[in-house]
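Below you'll find the structure, written out as structure tokens, and then a few comments.
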Amino acid sequence: MPYVLAPMIKKDMPSLWAEGDVYATEVIYDICSPDSSKPPVHYESHTFKPHSICHFDAPGHIIPGAETIDQLFENHIDYFYGPVVVIKIKNPNFKKSDASNISHWEVGKKEIQASLSGYDLQKIEKIFISFDGAGSDFFTDSDRAFTISPEAASWLISLPNFNLFGTIWKSTDFRPGKRDRPVHTELFKRAGIVECLDLEKVPAGQYFLSAFPIPTAGATESPVCPVLFSESEIRWV
């Protein structure tokens with residue numbers, strides 16, 4: 001059975017970036033309305049705040065003038081599908097940040113390399129990262145941050161076919177009080193980014209990924225529902 005990696009979107013979801021209601025709806029047509037001039041359907045508008053739900057980031061998110069979601073569809077559609085390796089880092093190592101009360105675990109290059117032992121690095125296209133014991137809603141955790149180091153990001157984009165990084169946390173950087181985003185910046189040289197993934201029930205291993213965001217012209221981020229398939233699930237012949 002495929003793994004759906006986008007947590008269910010609900011109206012009571014917490015706002016992760018002080019941006020107001022994460023999800024809201026408004027009825028346009030009510031199927032129970034007695035007004036016969038209206039279509040006999042239920043139809044609502046839906047408003048999302050992408051960065052508090054599972055979303056795809058394009059480089060324009062932090063780099064002025066860089067590619068947007070629609071441009072990724074035109075120039076790098078391979079970012080959105082293909083083989084992905086899910087890694088789960090062992091031995092949690094959260095440390096209290098000097099700049100905030102949040103405990104931060106910055107996964108280093110060697111930890112990622114150890115998790116990829118046995119894989120042909122020349123063939124790796126996509127990496128989704130989690131850790132043992134992370135819950136399905138870790139992206140809402142206000143007490144802990146989980147990122148990779150800039151050095152690890154540099155190593156990932158050195159892999160010849162790498163083009164997508166995904167994380168269970170709400171961001172790919174943790175820089176309290178600072179405006180630079182070194183991990184985003186490094187990854188965007190060669191890859192897209194998916195944040196707020198739910199990997200709780202996904203065993204570490206290799207899968208086939210479909211992660212097409214809603215195609216939105218000019219947007220630098222868009223909601224996405226990534227789905228993982230095992231090798232047997234994508235055979236149709």
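For the numbers below, each heavy atom of this structure counts, side chains included, while hydrogens, waters and symmetry mates do not.
For the atom pair CD1 (Ile112) and CD1 (Ile87), the distance works out to 5.0 Å, reported to the nearest 0.5 Å. Note that CG of Leu228 and OH of Tyr3 are 8.5 Å apart. Values are rounded to the nearest 0.5 Å. The structure places CE of Met8 at 12.5 Å from SG of Cys54, a figure rounded to the nearest 0.5 Å. Separation of atoms CD1 (Ile168) and CD (Glu195) is listed at 12.0 Å; rounding is to 0.5 Å.
Distance alone, capped at 3.5 Å, is enough to place a donor-acceptor pair between the Lys88 side chain and the Glu200 backbone. Judged by distance alone, the side chain of Ser100 and the main-chain N or O of Ser97 form no donor-acceptor pair under 3.5 Å. Remark: side-chain polar atoms of Trp169 are paired, donor with acceptor, to backbone N or O of Arg144 under 3.5 angstrom. Asp21 contributes no side-chain N or O that, together with a main-chain N or O of Ala24, makes up a donor-acceptor pair within less than 3.5 Å. Counting only distance, with no hydrogens or angles, the side chain of Arg190 and the backbone of Leu159 share a donor-acceptor pair below 3.5 Å.
Ring geometry for His184 versus Phe188: interplanar angle of 30 to 60°, hence tilted. Below 30°, between 30° and 60°, or above 60°: for Trp105 and Phe146 the angle between ring planes is above 60°, a perpendicular geometry.
Annotation: Tyr81, atom OH; neighbour count of heavy atoms from other residues, nucleotides and ligands within 6.0 Å does not exceed 12. For Tyr119, the OH atom sits in a packed shell: over 12 heavy atoms of surrounding residues, nucleotides or ligands are nearer than 6.0 Å. Heavy-atom neighbours of Asn101 CG from other residues, nucleotides or ligands within 6.0 Å: at or below the threshold of 12.
Side chains of Asn163 and Lys126: a donor on one and an acceptor on the other come within 3.5 Å. Between the side chains of Asp70 and Thr68, at least one donor-acceptor pair of N or O atoms lies under 3.5 Å. Tyr29 and His42 are not linked by any side-chain donor-acceptor pair at a separation below 3.5 angstrom, with hydrogens and angles left out of the test. Looking at Glu186 and Ser154, their side chains do bring a donor and an acceptor atom within 3.5 Å of each other. With no hydrogens or angles considered, no side-chain donor-acceptor pair links Asn161 and Gln122 at under 3.5 Å. Side chains of Ser33 and Asp35: a donor-acceptor N/O pair is absent below 3.5 angstrom, by distance only.
Residues Phe131 and Phe138 place their aromatic rings such that the two centres sit under 6.0 Å apart. Close placement of the Phe73 and Phe80 rings is indicated, their centers lying within 6.0 Å of each other. The distance between the ring centers of His61 and His55 does not fall below 6.0 angstrom.
Checked for salt-bridge contact, Arg175 and Asp180 meet the test: a charged N lies under 4.0 Å from a carboxylate O. Ion pairing between a basic and an acidic side chain is recognised when a charged N comes within 4.0 Å of a carboxylate O; Asp132 and Lys90 show such pairing. With respect to Glu151 and Lys109, a salt bridge is recorded, a charged nitrogen being found less than 4.0 Å from a carboxylate O.
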Show your working on side-chain contact (heavy atoms from CB on, under 4.5 Å) between His51 and Asp57 and close with a plain yes or no. CA-CA 9 Å; His51 269 84; Asp57 277 345; 3.1 Å; yes
side-chain contact (heavy atoms from CB on, under 4.5 Å) between Phe56 and Tyr79, intermediate numbers included: CA-CA 10 Å; Phe56 199 108; Tyr79 284 12; 4.2 Å; yes
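Trp17 does not carry Lys49 over the face of its six-membered ring by the limits of under 6.0 Å from the centre and within 45° of the normal.
Closest approach of Pro14 and Val22 over heavy atoms only: O-CG2, 3.4 Å.
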